[in-house]
Visitor: 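One structure is given below, represented as structure tokens, and several questions about it will come after.
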Amino acid sequence: MEKLIIEGGRPLHGVVRISGAKNAALPLMAATILTPGRHILRNMPDLRDTRTFVRLLENLGAKSERTGDTLILDTTHLLHTEAPYELVKTMRASVLVLGPLLARFGRAKVSLPGGCAIGARPINLHIMGLERLGVTCRLEGGYVDAAIDGPMRGNVIYFDNPSVTGTENLLMAAVLAEGTTVLKNAAREPEIGNLVDMLNGMGASIEGRDTDKLTIHGCSRLKSADCSIIPDRIEAGTYLIAIAATGGSGTVTNCTPAHLPSLLEKLRGAGLMIAETDTTIHISWPETVGEKPVIGNVDIKTMPYPGYPTDLQAQFMALMALSSDTCVINETIFENRFMHVAELHRMGAKIKIDGHFAVVSGRGLHGLSGAPVMATDLRASSSLVIAGLAASGRTEISRIYHLERGYENLIEKLTGLGAKVWKEQE
Ligand code: EPU
């Protein structure tokens with residue numbers, strides 16, 4: 001295993017280019033199952049998770065070809081309809097093959113993903129929705145064994161919780177159903193809009209993009225896709241927070257500022273200056289003569305989009321650990337998403353957890369010191385990277401394979417911003 005070493009305390013400055021979004025790439029890859037053909041996916045990030053998804057598709061019989069950031073998936077000759085435990089356990093988003101396999105073949109056997117470090121993460125809403133479309137789902141031996149004779153039948157599906165992958169799975173299932181399906185209280189994350197655009201480009205008829213009511217008029221056939229993955233809003237947010245936490249300034253490019261409404265407001269609230277164009281965000285501290293920036297304290301509450309994203313909660317907590325006062329962070333999406341707190345304590349952070357709340361008493365800019373810490377999940381790991389970049393001295397983060405799941409060229413991008421960061425064998 002490898003660890004990440006950071007010599008911290010250096011303000012980040014410069015320009016960083018954002019990659020395609022992991023959480024858009026995965027459903028778009030799943031959607032290529034829907035119809036035989038050569039599908040072109042552009043701006044595809046090269047990540048551990050996207051590689052795992054390619055293996056999952058190849059396991060079903062697909063062929064893949066990558067040139068630069070373009071991935072071509074040929075799903076003409078799919079031979080299997082099963083997603084095995086060995087692949088699903090390493091990446092729970094594998095459950096996204098359930099809807100499209102059922103739509104094309106009328107059957108699918110997908111391992112139940114099980115829990116993960118951040119919570120129980122059930123898929124009951126995916127199953128409820130498929131059953132509303134006429135699918136019979138049996139849970140046996142750790143697998144969902146789902147089947148239907150003939151096409152699915154459109155219906156109204158209401159989500160108790162606006163589940164992101166649940167909405168995506170049902171969208172993909174419903175595009176080839178007979179009649180009209182309405183998804184109510186659907187998730188509105190931009191990654192879902194990307195999937196809607198891809199499906200409509202393939203000949204589907206979906207109305208209500210970016211709203212919580214999606215109406216899908218089923219069709220009998222689709223054509224191959226040629227679609228571009230949207231920029232990764234979570235990667236962009238992570239770099240913005242890292243630049244802020246080190247007292248630096250910089251520009252993230254190839255991003256969509258409109259996809260980060262809540263984070264940009266929170267950063268402004270913390271005292272930062274933000275300047276946006278359609279595809280770039282410049283972040284800087286107001287000019288101070290001879291004085292260090294003071295990070296203001298801002299409360300956050302994670303919410304479904306357009307609320308503050310749970311995937312940027314851990315990173316913002318690292319920033320608040322360096323603020324001038326106390327703030328409250330309320331995690332409402334996942335029940336166990338404070339795993340980074342114990343590790344941040346090792347770097348000198350003062351944070352108390354009470355159920356879904358974390359009370360962060362800021363130590364001031366440069367108030368943390370480097371330490372050996374352990375990565376526990378993808379976003380928790382990126383908060384440790386931010387803390388390590390801001391802290392004085394050396395931070396060693398073990399188990400960095402978590403980071404490789406979701407951050408393309410992390411070391412190169414941070415080095416380009418002036419960070420001293422490298423990998424070593426543990
Ligand atoms: N939920 C249910 N039943 C379900 C599905 C979800 O109760 O059948 C609950 C969950 O327990 C949670 C809430 O609904 O409390 C929202 O979960 P959601 O289903 O939206 O999460 P997800 O689709 O499994 C995606 C992202 C996550 C991100 C969440 C929330 C992908 C591949 N994953 O997960 O991304 O945190 O939405 O925005 O899109 C990450 O990238 O690090 C990551 C974990």
Side-chain angles (χ1 to χ4, degrees), residues 19-31 45 47-50 52-53 56 88 90-99 110 112-132 137 139 144 157-172 183 185-195 212 229-230 232-238 259-260 262-263 302-315 330-337 339-340 356 375-383 402-408:
S19 302
K22 165 179 87 74
N23 289 347
L26 303 176
L28 267 61
M29 282 196 258
L47 300 164
R48 189 179 281 259
D49 273 12
T50 51
T52 305
F53 215 97
L56 179 63
V88 179
T90 63
M91 191 188 57
R92 67 179 318 288
S94 311
V95 76
L96 284 166
V97 300
L98 192 53
V110 176
L112 282 167
C116 77
I118 63 176
R121 308 193 68 184
I123 58 160
N124 59 306
L125 296 170
H126 303 230
I127 292 173
M128 171 280 295
L130 292 170
E131 286 177 340
R132 299 275 298 162
C137 296
L139 301 185
V144 191
I157 298 169
Y158 172 80
F159 289 97
D160 282 336
N161 247 333
S163 163
V164 175
T165 48
T167 302
E168 291 162 349
N169 236 335
L170 270 301
L171 265 175
M172 292 186 279
L183 305 182
N185 199 27
R188 287 185 283 163
E189 271 65 6
E191 293 75 20
I192 296 168
N194 202 177
L195 178 63
D212 63 359
I229 316 271
I230 58 169
D232 196 318
R233 64 196 166 99
I234 306 301
E235 190 199 14
T238 302
H259 290 167
L260 282 164
S262 50
L263 175 71
T302 63
M303 299 282 281
Y305 190 83
Y308 190 91
T310 175
D311 289 345
L312 284 171
Q313 177 260 109
Q315 299 89 320
N330 181 1
E331 171 59 56
T332 74
I333 308 291
F334 293 115
E335 63 272 24
N336 197 23
R337 216 171 194 186
M339 300 278 281
H340 44 286
H356 285 284
T376 49
D377 75 74
L378 170 57
R379 308 305 173 186
S381 314
S382 60
S383 95
H402 289 294
L403 280 166
E404 291 164 354
R405 290 188 49 204
Y407 290 94
E408 191 178 45

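Indexing begins at 1, ligand by ligand and atom by atom, following the structure's order. Side chains included, hydrogens not; waters and symmetry mates left out as well; all remaining heavy atoms used.
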Visitor: Taking 4.0 Å as the limit for heavy-atom contacts, which would you say applies to A93 with ligand 1: side chain only, backbone only, both, or neither?
Guide: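 Only the side chain of A93 comes within reach of ligand 1.
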
Visitor: For atom 23 (O) of ligand 1, what's the nearest protein heavy-atom neighbour? Residue, atom name and distance, please.
Guide: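 Answer, as residue, atom name and distance: T165 OG1, 2.6 Å.
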
Visitor: Of the side chain and backbone of M128, name the one, both, or neither that has a heavy atom under 4.0 Å from an atom of ligand 1.
Guide: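 Neither; nothing of M128 gets under 4.0 Å from ligand 1.
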
Visitor: Which residue holds the protein heavy atom closest to atom 34 (O) of ligand 1, what is that atom called, and what is the gap in Å?
Guide: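 Protein heavy atom with the smallest distance to atom 34 (O) of ligand 1: R121 NH2, 3.2 Å.
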
Visitor: Once you restrict to heavy atoms under 4.0 Å, what part of D311 touches ligand 1? Side chain, backbone, both or neither.
Guide: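 Answer for D311: side chain.
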
Visitor: Which one of P122, G166, G307 has a non-hydrogen atom at the shortest distance from atom 5 (C) of ligand 1?
Guide: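 Nearest option to atom 5 (C) of ligand 1, by heavy atoms: P122.
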
Visitor: Looking only at protein heavy atoms, which one is nearest to atom 10 (C) of ligand 1, and what is the separation?
Guide: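 In this structure, atom 10 (C) of ligand 1 has F334 CE2, 4.2 Å as its nearest protein heavy atom.
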
Visitor: To which protein heavy atom is atom 33 (N) of ligand 1 closest, and what is the distance rounded to 0.1 Å?
Guide: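 Ranking protein heavy atoms by distance from atom 33 (N) of ligand 1, first comes N23 ND2, 3.7 Å.
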
Visitor: Applying salt bridge (Lys or Arg N to Asp or Glu O under 4.0 Å), name anything that partners E191, two or more places apart in sequence or on another chain.
Guide: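 Checked E191 against salt bridge (Lys or Arg N to Asp or Glu O under 4.0 Å); matches are R233.
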
Visitor: Can you list the steps and then say if M128 with I157 is a side-chain contact (heavy atoms from CB on, under 4.5 Å)?
Guide: CA-CA 8 Å; M128 171 280 295; I157 298 169; 3.9 Å; yes

Visitor: Any idea which part of E335 is under 4.0 Å from ligand 1, heavy-atom wise: side chain, backbone, both or neither?
Guide: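 Neither part.
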
Visitor: Is the backbone N or O of P45 less than 3.5 Å from a side-chain atom of S19, with the two atoms forming a donor-acceptor pair by type?
Guide: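 Side chain of S19 to backbone of P45: no pair is present.
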
Visitor: Give me the residue, atom name and distance of the protein heavy atom closest to atom 20 (O) of ligand 1.
Guide: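 Of the protein heavy atoms, V164 N, 2.7 Å lies nearest.
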
Visitor: Have a look at ligand 1 and work out which part of N124, if any, has a heavy atom under 4.0 Å from it: side chain, backbone, both or neither.
Guide: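 Looking at N124 and ligand 1, atoms from backbone and side chain both fall under 4.0 Å.
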
Visitor: Quick one: look at L125 and ligand 1, take heavy-atom pairs under 4.0 Å, and tell me if it's side chain, backbone, both or neither.
Guide: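 It is both parts that get close, each with some atom under 4.0 Å.
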
Visitor: Under the rule for salt bridge (Lys or Arg N to Asp or Glu O under 4.0 Å), what residues qualify as partners of E404, not counting sequence neighbours?
Guide: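 Partners of E404 under the salt bridge (Lys or Arg N to Asp or Glu O under 4.0 Å) test: R48, K423.
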
Visitor: Whether the side chain of D377 engages the backbone of A117 through a donor-acceptor N/O pair (distance < 3.5 Å, no angle test) should be reported.
Guide: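 Checking the backbone N and O of A117 against the side chain of D377, no donor-acceptor pair under 3.5 Å is found.
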
